[in-house]
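In what follows, a structure is listed as structure tokens, so that the remarks can point back to it.
Each chain gets a letter, A, B and so on, in the order the sequences are listed, and its residues count up from 1. Just so we're clear, the structure is a prediction, and the values are computed from it rather than from any experiment.
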2 protein chains.
Amino acid sequence: MQKAKTDGSISLNRRRTGKGIRENNERIILKAAEVAFSETGFKGTSVTRIADLAGIPKANVHYYFPRKIDIYREVIDRVCQLWLDAADFRGSDEPETALRNYISAKMDLAYSEPLGSKLWAMEVLTGAPILGEFIREKLLDWFELEKAQVQSWIDQGQIDTVDVQTLFYMIWASTQHYADFAAQTAILNGDKALSKDQFETAKGTISHVILKGVGL
Amino acid sequence: MQKAKTDGSISLNRRRTGKGIRENNERIILKAAEVAFSETGFKGTSVTRIADLAGIPKANVHYYFPRKIDIYREVIDRVCQLWLDAADFRGSDEPETALRNYISAKMDLAYSEPLGSKLWAMEVLTGAPILGEFIREKLLDWFELEKAQVQSWIDQGQIDTVDVQTLFYMIWASTQHYADFAAQTAILNGDKALSKDQFETAKGTISHVILKGVGL
DNA sequence: GTCTATATTTCGATAGAC
DNA sequence: GTCTATCGAAATATAGAC
């Protein structure tokens, strides 16, 4: 979350003079851009909107990031990192623990990083013009390994015979739904964002259905 | 799909002279707009883009729909109709049949109307500025009835005790994933759109996991 | 590093000839 | 009903004074 600087110090929101200015302003801009892009996508977001959200003159935004696409790439890069840092199955050989931990980690991520999830969804909806490369070059290999693990559980009779890809998509879709469709779930929840307790309840039901659903 | 005219005839893609021109051109524009809006959302879509997709001069698009928002509302209205026309649980008192049919209907809809699903997702991602009203006024009531049906199954011990809202969200998310995240599933499928057979396989696994997951 | 002014393009929408 | 031309606003991006 925080960026280590070369001198070892950490820049937070506090404005600084000297060397930290660029780093600090870049972070503020990227934070604002994450909000804006997750709301209206790349084409639908103006640099003016990002500048306003960041509380920085538009010209300064261009000073740090010459073109809009430069901001977008940085923001998407961070989302890719979030995905790669998320839990995977390789930490456990035991399907019940592995699945439960994975679902829990994905739900926690949807709760703590909803903007990242929404950005991912927005990118894929628009045809994954930037994310496509990442999915092809990094996620694909990761996916093959994870699928192999689940397939081995099936081959050994530890879980039911299910389509492995579909199982992953169910977990991804169900957990990310709570970030991507938050506007909808809020309305259906009486115009109130879901509480942390409701997230935990949802996590419990998703875990129950998925685990029991594959025979655990 | 086809619109009945007052004279009883049907307009398809073929250009006509006389009374059918407006209706025919409006349909062509709406079809193009559905593609464009589902890709880049309302703000991110230009009237020029819609006109180009429709193969109609931009000025003509404005002749039929004075403002961009007029096109958008029409397209969203159709999506709302699709949702309401989709299957619900009230056709069956028996949970296994009801759930299986509902999942099947939602998967068929994701396959046959992916643009509608993507538009819905795009709208909700952008905060549901238009859909919000529909969700509040129509979907909410529908949802309460459906939830009550599922809750009665739980109360009568026909299915496991799960969070009913979460169960619905799992079904919606898992089925709509195949439309909304098609760009991603295609890449993970070797840069090839999923076949009808793969859709059926996915439908089978989703049904298996959901039904068994709630104790059926 | 900041910020006003501005160049250039694109966009939504309209006018008006045909 | 069609379509060229265009207006005014908004958007991306840059220049240049401070």
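To the nearest angstrom, P of D:dG1 lies 6 Å from CD1 of B:Ile21. Counting to the nearest Å, the C1' atom of C:dT2 and the CD1 atom of A:Ile29 are 12 Å from each other. Between the CG atom of A:Asn24 and the C1' atom of C:dT2 there is a distance of 15 Å, rounded to whole Å.
With D:dT2, C:dC3, C:dG1 as the candidates, the nucleotide lying closest to the side chain of B:Asn60 is D:dT2.
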**Request:** Quick one, give me the B/S/- string for nucleotides 12-18 of chain C, reading 5' to 3', where B means a protein heavy atom under 4.0 Å from the base and S means that only happens at the primed atoms, P, OP1 or OP2.
**Result:** BBB----

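Residue A:Tyr64 is classed as a sugar-phosphate contact, given heavy-atom separations below 4.0 Å to backbone atoms only.
Counting heavy-atom neighbours within 6.0 Å of B:Gln151 CD, excluding the residue itself, gives a total above 12.
Between B:Trp172 and B:Tyr169, the ring-plane angle classifies as tilted under the 30° and 60° cut-offs. Using cut-offs of 30° and 60° for the angle between ring planes, the B:Tyr102 and B:Trp142 rings count as tilted.
A donor-acceptor contact closer than 3.5 angstrom links the side chains of A:Asp180 and A:Ser117.
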**Request:** Show your working on side-chain hydrogen bond (donor to acceptor under 3.5 Å, both in side chains) between A:Thr40 and B:Thr126 and close with a plain yes or no.
**Result:** CA-CA 6 Å; A:Thr40 45; B:Thr126 62; over 6 Å; no

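Taking 4.5 Å as the limit, every side-chain heavy atom of A:Thr166 sits out of range of all side-chain heavy atoms of B:Val209.
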